[in-house]
Amino acid sequence: MSPAVRPGAARLPGDPPRPRPTADHEWLVVDEGEATVGICACAAEAFGEVVHLRLPGADAGAEAGEACGEITSATAAGVLRTAATGEVPQAGTAPADRPGAVTTGPRTAGRLFRLRVENTAGALSAAHHRPPCPGR
């Protein structure tokens, strides 16, 4: 989040969509019915160097709160969950081909996949989000 943007501040016309953090250390940016999904920076930091990703394939359905992939590092493994229900319009390959990008750029090159959104039931608003990572 830009330092100039306060959590809960009104969004102005032309502002880019804000990330919606989830309780599962992920985020999504919803824009015109599609969401970009990634993991939060503190989760990326906790995982360390990511060595393997299993992401949902093209046309896969994703159900809010359900497992939709896996993330593995040298020291940890976890299940990817999405906070929205929808369908993956196309398989994302950049992070799967370069899993370390999830750690080095969780909000840029490490974005995980896109989702055609039906609902965002599990996403928290930025105004109500409390960072789930200790010390953050």
Side-chain angles (χ1 to χ4, degrees):
M1 175 171 21
S2 164
V5 177
R6 297 178 329 276
R11 189 170 162 219
L12 300 173
D15 282 353
R18 292 189 186 134
R20 298 177 75 174
T22 74
D24 291 319
H25 304 283
E26 295 164 358
W27 56 264
L28 37 121
V29 174
V30 180
D31 190 23
E32 296 185 21
E34 287 205 1
T36 302
V37 180
I39 65 170
C40 70
C42 62
E45 186 179 305
F47 267 102
E49 183 69 24
V50 174
V51 296
H52 175 75
L53 284 172
R54 183 179 58 78
L55 300 174
D59 300 322
E63 199 64 40
E66 298 295 318
C68 64
E70 297 173 350
I71 183 169
T72 308
S73 73
T75 59
V79 174
L80 295 173
R81 300 180 193 282
T82 182
T85 297
E87 183 177 293
V88 178
Q90 62 184 29
T93 58
D97 292 344
R98 295 184 342 263
V102 171
T103 306
T104 59
R107 294 276 305 279
T108 55
R111 295 173 297 201
L112 299 175
F113 57 92
R114 299 274 298 161
L115 187 68
R116 195 171 300 119
V117 177
E118 293 174 17
N119 78 58
T120 56
L124 304 174
S125 72
H128 295 102
H129 177 61
R130 299 291 178 264
C133 298
R136 299 271 175 177

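Just so you know, these numbers come straight off a predicted model, no measurement behind them. Each residue takes its place number in the sequence, starting with 1.
- Put simply, the side chain of Cys68 reaches to within 4.5 Å of the side chain of Leu80, judged on heavy atoms.
- Residues passing the side-chain contact (heavy atoms from CB on, under 4.5 Å) test with Ala77 are Thr72, sequence neighbours excluded.
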Distance-only donor-acceptor pairs under 3.5 Å for side chains of residues 32-43, two or more places apart:
unit_1: Glu34; atom_1: OE1; unit_2: Arg114; atom_2: NE; d: 3.4
unit_1: Glu34; atom_1: OE1; unit_2: Arg114; atom_2: NH2; d: 3.0
unit_1: Thr36; atom_1: OG1; unit_2: Arg114; atom_2: NH1; d: 2.4

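- Residues Ile71 and Val102 form a side-chain contact, since some pair of their non-hydrogen atoms from C-beta on lies under 4.5 Å apart.
- The same ILVMFWY cluster, assembled from side-chain heavy atoms under 4.5 Å apart, contains both Phe47 and Phe113.
- Across all their heavy atoms, Ala84 and Leu28 have their closest contact at N-CD2, 4.4 Å.
- Heavy atoms only, all atoms of each residue included: Asp59 and Pro89 are closest at OD1-O, 4.2 Å.
- Listed here is the closest heavy atom pair of Pro99 and Val51: CG-O, 3.5 Å.
- Closest of all the heavy-atom pairs between Pro106 and Thr104 is CD-C, 3.7 Å.
- Side-chain heavy atoms closer than 4.5 Å link hydrophobic residues (I, L, V, M, F, W, Y) into clusters, and following such links, possibly through other members, connects Leu115 to Leu55.
- Of all non-hydrogen atoms in Arg98 and Ala109, the two that sit nearest each other are NH2-CB, 3.6 Å.
- Remark: side-chain polar atoms of Thr85 are not paired, donor with acceptor, to backbone N or O of Glu118 under 3.5 angstrom.
- Here Thr103 contributes atom OG1 and Glu45 contributes atom CD; the two are 10.0 Å apart, rounded to the nearest 0.5 Å.
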